[in-house]
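Contents: one structure, followed by commentary.
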Amino acid sequence: MARSNDAVAALLQEYADLLTVTGGEQFKSRVYEKAARAVAGHPGDVAAVDADGLRQIPGVGASIAEKIAEYLHTGHIEAVDTLRARVPGGVLELMRIPTLGPKRAAQLHEELGVVSIDELRDAIVAGKLSGHRGFGARTAENILHGIEVLERSHGRVLLSVAAVAADEIVAALRGVRGCLRCTWAGSLRRFRETVGDVDVLAAAADGGPLMDAFTRLPMVADVLAKGSTKSSVRLRNDLQVDLRVVPLASWGAALQYFTGSKQHNVRVREIAVRAGFKLSEYGLFRVEDGSLVASETEEEVYERLGLQWVPPPLREDRGEVEAARAGSLPALVTEADIRGDLHTHTDLTDGVTPLADMVAAARRRGYEYYAVTDHAKDMPMQRMTDDKVLAQRREVRELEAAGGPVLLHGSELNIGPDGELDWPDEFLAGFDLCVASVHSHFAQPAGDLTRRLVRACENPYVTILGHPSTRLIGKRPPLDADFDAVFAAAARTGTALEINSFPDRLDLSDELILRAKRHGVRFAIDTDAHATVHLDHLRYGIGTAQRGWLTADDVVNTWPIDRLRAFIAAKRTVAAGRR
DNA sequence: GCCGTTTTCGGCCCGACTGTTTTCAGTCG
């Protein structure tokens, strides 16, 4: 079963949103928001602890613990229901539009009766906003643009949302009598950054029991279709899931077929046709006599076509078919190759978990090394100071002495509008490594953005450029910089580019990774964890790196600690010599 | 509503940018 934490956190967040929209006390709203984050980041399942246990979670006091308990017992929270009744559902929806917050959403509702994004668009197009305080022409334009951004991602969900649902469905179906195999296929298996619907494939002699179990899963909201080989459902979170059941003998061909991509499959079928075969979800057949050539495993199917087995993340018709034919597919980096995380936070800044707990989680993952990189002092909301970061360094050294992974004390520096960093070089030299990232001024002209990122790469103490494009999937586009110039600078200076594993970032994206790799850059696959549970996001970063054709050697945090330290030191020496 | 080596009450993440204003509200990180 999935943890209850995410459902609880979503409710607490909704309550916080409702409080702001209804003009409730702002501090109260913020408290609920903070509690939502803490619950989401809490390592244990909140359903497994009693009221006292709930109160141990930071930010959760008597009142919130009571509300969580109420939800766990009854499935709802009365206080939330009461506020929901006062605010039409579409009003919270409005807040998903970038640049539109709670105040303006409430104002649009109160003054214009707008209760949905569609109605808002109509109102703007009809010019109904003009004359309303705070809504000038520019604001209307920005809102329309925000709606566009939102709708471009319409119908697709983040990889992580699909993966969590698919994991749970597959685990449930594997337990059904008669289920011989079950796994997810489709764009999820290819680790695309967003997923339109989830394809689950199972092998069984009789599909009936699987279909019954599938359509009765607790998270299913609607059954869209139900047959003996194919069924479709819509989950409560609106995600559509298709289940197909095939005979075990067709497993490999079906898995290949349903994994896609369409373009990849077209290429593979062309090869089959030219070789006198026909490839379908049932198998690879000889055209002349219709005899079956291969179907049980994907490996067999590819092999009979003269191809290496192609890892799913590569199946996008981006040269993998040619490489598979030449036998030159890369040995992709895997989760097992990762020796440590190089970008993580604690509750000293905006994380929700204390240093010691984060380190303990890293130890449990078997990491050889682990970097602590809290925000630096130029992000005012984080209230970092020289003293605080130095005190943390002492604590890090003490923890390391107590055993466990090698601990690197670092910082996530802020790259200012001109490429300046939080601290002078003398102070930066005290860190074992630094990540540097853009957190503001996203709309600068392209030339300025490029210079800014290049300048950050040129600082000898910047080991990693964090979430380099700074995009947020479905919310904020990548920076409008000349990334080829940035990648060239990273390669020249020995700066690693981050592949940030956070599901709404996945930054660099697969396409930018492919471009960066051509410049000979190194990469770091990091989680940017703000809680121990986020360390598990690593798999999404790995999938993205695989889509970018990366091998373990391309990724500095697969290297042994000595090689990693040499990489950090080399940049400091070379860059310092040039200054 | 939560929390406490400045506090059991009175604070609570702060600064900048944008677009609207004519002194500031809303949004974001």
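Naming convention: chains lettered A, B, ... in sequence-line order (proteins, then strands); numbering from 1 in each chain. Computed from heavy atoms alone, side chains included, the values below leave out hydrogens, waters and symmetry copies.
If you look at A/W423 and A/F431, their ring centroids are closer than 6.0 Å. Between A/H441 and A/H439, a ring centre-to-centre spacing not shorter than 6.0 Å is recorded.
For A/Y15, the side chain to side chain donor-acceptor pair (under 3.5 Å) criterion is met by no residue, not counting sequence neighbours.
A 3.5 Å limit on both hydrogen-bonding distances identifies B/dT27 as the Watson-Crick or G-U partner of B/dA16.
Going from atom CG of A/L12 over to atom C1' of B/dC2 covers 13 Å, rounded to whole Å. Counting to the nearest Å, the P atom of B/dG1 and the CG atom of A/L11 are 16 Å from each other. One atom, CD of A/E111, and another, C1' of B/dG26, lie 14 Å apart when rounded to the nearest Å. Here B/dC3 presents its C1' atom at 16 Å from CD1 of A/I57, a figure rounded to the nearest Å. Rounded to whole angstrom, the span from the CD1 atom of A/I143 across to the P atom of B/dT27 amounts to 9 Å. Atom-to-atom, CE of A/M384 to P of B/dG15 comes out at 16 Å; the value is rounded to the nearest Å. Look at CG on A/L83: it is 11 Å from P on B/dG1, rounded to the nearest Å. Rounded to whole Å, the distance from CG on A/D350 to C1' on B/dG15 is 16 Å.
The cationic atom of A/R476 (NZ for Lys, CZ for Arg) lies less than 6.0 Å from the six-membered ring centre of A/F442 and within 45° of the ring axis.
The ring-ring contact (aromatic ring centres under 6.0 Å, His included) analysis of residues 65-117 of chain A, with sequence neighbours excluded, yields no pairs. The list of ring-ring contact (aromatic ring centres under 6.0 Å, His included) pairs with a residue in residues 491-515 of chain A, not counting sequence neighbours, reads A/F502-A/H534, A/F502-A/H537.
Look at A/T139 and you'll find a side-chain N or O under 4.0 angstrom from OP1 or OP2 of B/dT20. Residue A/H441 has a polar side-chain atom (N or O) positioned under 4.0 Å from OP1 or OP2 of B/dC17.
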Pairwise N/O distances under 3.5 Å, protein to nucleotides 6-13 of chain B:
residue	atom	partner	partner atom	Å
B/dC13	OP1	A/R30	NH1	3.4
B/dC13	O3'	A/R383	NE	3.4
B/dC13	O2	A/M381	O	2.9

Check: protein-nucleotides 21-25 of chain B nitrogen or oxygen pairs below 3.5 Å:
none

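At the heavy-atom level, A/Y15 lies nowhere under 4.0 Å from the strands shown. A/R55 comes within 4.0 angstrom of nothing in the nucleic acid, heavy atoms only. When heavy atoms are screened at a 4.0 angstrom cut-off, A/A16 is found touching no nucleic acid atom at all. Residue-level contact check: A/A62 touches the backbone only, with heavy atoms under 4.0 Å from sugar-phosphate atoms and none from bases.
Positionally, the nearest nucleotide of DNA chain B for A/R138 lies more toward the 5' end than for the other of A/R138 and A/L472. Both A/P98 and A/A443 sit near DNA chain B, but only A/A443 has its closest nucleotide nearer the 5' end.
In terms of modelled atom types and a separation under 3.5 Å, the side chain of A/D504 and the main chain of A/L472 share no donor-acceptor contact. Panel note: side chain A/N557, backbone A/I338; no donor-acceptor pair is recorded below 3.5 Å.
For the C1' atom pair drawn from B/dT20 and B/dC24, the interatomic distance equals 8 Å after rounding to whole Å. For the C1' atom pair drawn from B/dT21 and B/dA25, the interatomic distance equals 9 Å after rounding to whole Å. Across the C1' atoms, B/dT18 and B/dT23 are found 15 Å apart, a figure rounded to whole Å. Rounded to whole Å, the C1' atom of B/dC3 lies 9 Å from the corresponding atom of B/dT8. Comparing the C1' positions of B/dG19 and B/dC13 gives an interatomic distance of 24 Å, to the nearest angstrom. Taking atom P on both nucleotides, B/dG11 is separated from B/dT7 by 13 Å, rounded to a whole Å.
Ring orientation note: the planes of A/Y370 and A/Y367 are close to parallel, at an angle under 30° on the 30°/60° scale.
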Please tabulate, for the side chains in residues 30-38 of chain A, all donor-acceptor contacts under 3.5 angstrom to protein atoms that are two or more places apart in sequence or on a different chain.
residue	atom	partner	partner atom	Å
A/Y32	OH	A/K67	NZ	2.9
A/R37	NH2	A/D350	O	2.4

Next item on the list: Let me see the working for A/T194 and A/R156 under side chain to side chain donor-acceptor pair (under 3.5 Å), right down to the final yes or no.
Entry: CA-CA 6 Å; A/T194 60; A/R156 296 187 74 84; 2.8 Å; yes
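Distances from the side chain of A/N142 to the nucleotides B/dG29, B/dG19, B/dG1 place B/dG19 closest. Comparing B/dA16, B/dG29, B/dG1 by their nearest atom to the side chain of A/S63 picks out B/dG1.
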